[in-house]
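What follows is one structure encoded as structure tokens, with my remarks underneath.
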Amino acid sequence: MLVSLHTRIEPLRLSIFLAMGLLGACGDDGATSAGTDNQTSTGATQSPTTDGTGTPTGTTETTGAPTTGMTGTSDTGTDTTTSPTTSTTTGETTAVSATTLDTTTLDTTTVDTTTSTTGDTDTGPDPECTVLMQAFTDPPVPSGWVKCGDKLPHRVEAEVCLVPAPPSSCDLMNQPCQTNDDCTEFPFGSCEKFTVGFEACGCSYGCETDADCEPGNVCRCAGDVLGPATRCVPSECTSDADCGDQVCQFSQSQGYDCPIEVVNGACTTPNDLCDTDPPCGDTPCAYNTDIDQWECSLVACGRPFMVDDHAVTALAAERDDWRAVASVPTAPAAVRAALAAHWTQIALAEHASVASFARHVLQLLAVGAPPEFVLDTQRALADEVEHARLCFALASSYGGAGVGPGPLAQAHEPGATDLESVVAAVIREACVGETLSALEAREAAERAEDPGLRRILARIADDEQRHAELGWRFVCWAREQLSDDARARTDAVFAAAVADAAASAGDMSRETGTPELRAHGVVDAPLRASVWLRGLQGLVQPAAAALRAAA
């Protein structure tokens, strides 16, 4: 299932850079030399201007994100960042325009984006079409896909992929996999090297035909434009034959470089706003399932308490003393049980976060951290107590009975006390885990329809963002205390944590969603997959690259 996000990445990314004090080290726009999405677009895109009543009056060039100005949120979770109306900044970015993609890097070349994205802009003869061939075959074999000019590829017919599991491309040590023999969870496993701001390896599982894929997916062979590995990709159509006088078009994302909502296929429509990437600037052209047309894409609460590499929580218990006083919106009887179960799970995770921050205070003292880290961690602990109380209030109201946490038996378990091990834990739990949780909480707030619920979720999102920034600040400080070898090992921790999160997002994207609950602030599995992959690309990746550049 493909889900588009409501939350903008840029303000959160800028806030993390500012928190680490690395904005100046990352180029004039705060991003380019660190390998991030550029804070200002590499070119201008067309957007409508309005008069005082909100009526469109024309178009003006705008940028994708600010280079200056204050970043923040309103009490409803709405982004209040102000941005300038023009930009001349150019440079290297990590946003993928697949027409210029090098499959070994996320860097792209600057493109002119002043062309309108509306409709088909072709005025000359039809572009020349090229049959795309499968990779790893000799002689070449058609893949079933065709690319016409610079337009996105479309699938003419299904073909058998002759190399469902390409040879391993991993040449790195200490990775989740080293060879294809390590990838056995599903058929056609291969160990691939990929880049998300740094290099890592992970298992990818291929296919021979559409029958090897879940419903709603098709088998896309490896090949030029199509990607370095054969894989199942979501699609609303199986070939041009499903689309009448239109074509079965596919975005050009090749996996980890773009969030899940732009790894898709669907029939083109007469109302499409794009059929190629370059006019979209730093975001790919993708199919929006909410409005059924192709357009330029715009693209878990709390820190987990880890014991023996597993997140643990208390069991739910019947009690009323963990409920905050909160105005809870009404909900249809048909969804109240599901909402009660969801908020109970979130509340227990927030409760476990209290233990995580309590343990981290002791870790900070053990490694001689500056006092501001201790104070901010204590404040984060207090935030998590209130988050748990708010979520238990939601669960209790939806469920019709008081619910709270039982004993957290593992709370006495000690954590790491040497600096390198503490840094590794903070990378996994805060720099990756809590950064994604903050974005997830923001997405929940953006989607909540009830104003009171939106305010609760926006408050949680603001706090979680500060907690994530605290983790990045600590790692930035701690890396200065570590040796070169130890810093290199922390880079490997980043790589492994991102690979694990990306793999989990891939699994979640294949789960059945509950879109009827999203208006109640629920981030279901497919939506969480979109949040995680966009967060890895737009937040974790550039911040990790900035840390390496500053070392």
message = Tell me yes or no: SG of C232 and SG of C219, less than 2.5 Å apart?
response = no
inquiry  = Tell me whether C177 and C183 have SG atoms closer together than 2.5 Å.
reply    = no
query = Do W532 and E440 get their side chains close enough for a donor-acceptor pair, meaning under 3.5 Å?
reply = yes
request  = Establish, from distance only, whether the side-chain atoms of E443 and T7 form a donor-acceptor pair under 3.5 Å.
outcome  = yes
ask   = Tell me, do R428 and D500 make a side-chain contact under 4.5 Å, heavy atoms counted?
value = no
Over 12 non-hydrogen atoms of neighbours within 6.0 angstrom of CD in E516 = yes
query = Heavy-atom distance under 4.5 Å between the side chains of P153 and L132, does that happen here?
reply = yes
Within-4.5 Å side-chain heavy-atom neighbours: R231 and C207 = no
query = Under 3.5 Å, is there a donor-acceptor pair between the side chain of T230 and the main chain of A222?
reply = yes
query = Any side-chain heavy-atom pair from D275 and T268 closer than 4.5 angstrom?
reply = no
message = Is there a side-chain contact between W145 and V131 in this structure, where contact means two heavy atoms from C-beta onward sitting under 4.5 Å apart?
response = no
remark   = What one should report as the nearest heavy-atom pair of R518 and R447 is O-CB, 3.6 Å
message = Does Q345 have more than 12 heavy atoms from other residues, nucleotides or ligands lying within 6.0 Å of its CD?
response = no
task = Would you kindly say whether T269 and D272 are connected by a side-chain donor-acceptor distance under 3.5 Å?
result = yes
message = Less than 4.5 Å apart, side chain to side chain, heavy atoms only: is that true for L547 and C476?
response = yes
ask   = Are the side chains of T137 and V163 in touch, meaning some heavy atoms are under 4.5 Å apart?
value = yes
message = Once you measure the plane-to-plane angle for F494 and W472, does it fall in the parallel (<30°), tilted (30-60°) or perpendicular (>60°) bin?
response = parallel
task = Could you give me the CA-CA distance, side-chain angles and deciding distance for C243 and C248, then say whether disulfide (SG to SG under 2.5 Å) is met?
result = CA-CA 6 Å; C243 301; C248 184; 4.8 Å; no
query = Looking at D485, T490, D484, which one forms a side chain to side chain donor-acceptor pair (under 3.5 Å) with R487?
reply = D484
message = Could you check whether any side-chain N or O of Q134 sits under 3.5 Å from a backbone N or O of L162, counting only pairs where one atom can act as donor and the other as acceptor?
response = yes
task = Could you tell me whether the side chain of S235 and the main chain of C237 form a donor-acceptor pair under 3.5 Å?
result = yes
query = Can you find a side-chain donor-acceptor pair between D242 and T238 that sits under 3.5 Å?
reply = yes
task = Using only the SG atoms, establish whether C129 and C148 come within less than 2.5 Å of one another.
result = yes
ask   = Do E295 side-chain atoms and A286 backbone N/O form a donor-acceptor pair below 3.5 Å?
value = no
ask   = What pair of heavy atoms forms the shortest contact from T435 to V540, and how long is it?
value = CG2-CG2, 4.1 Å
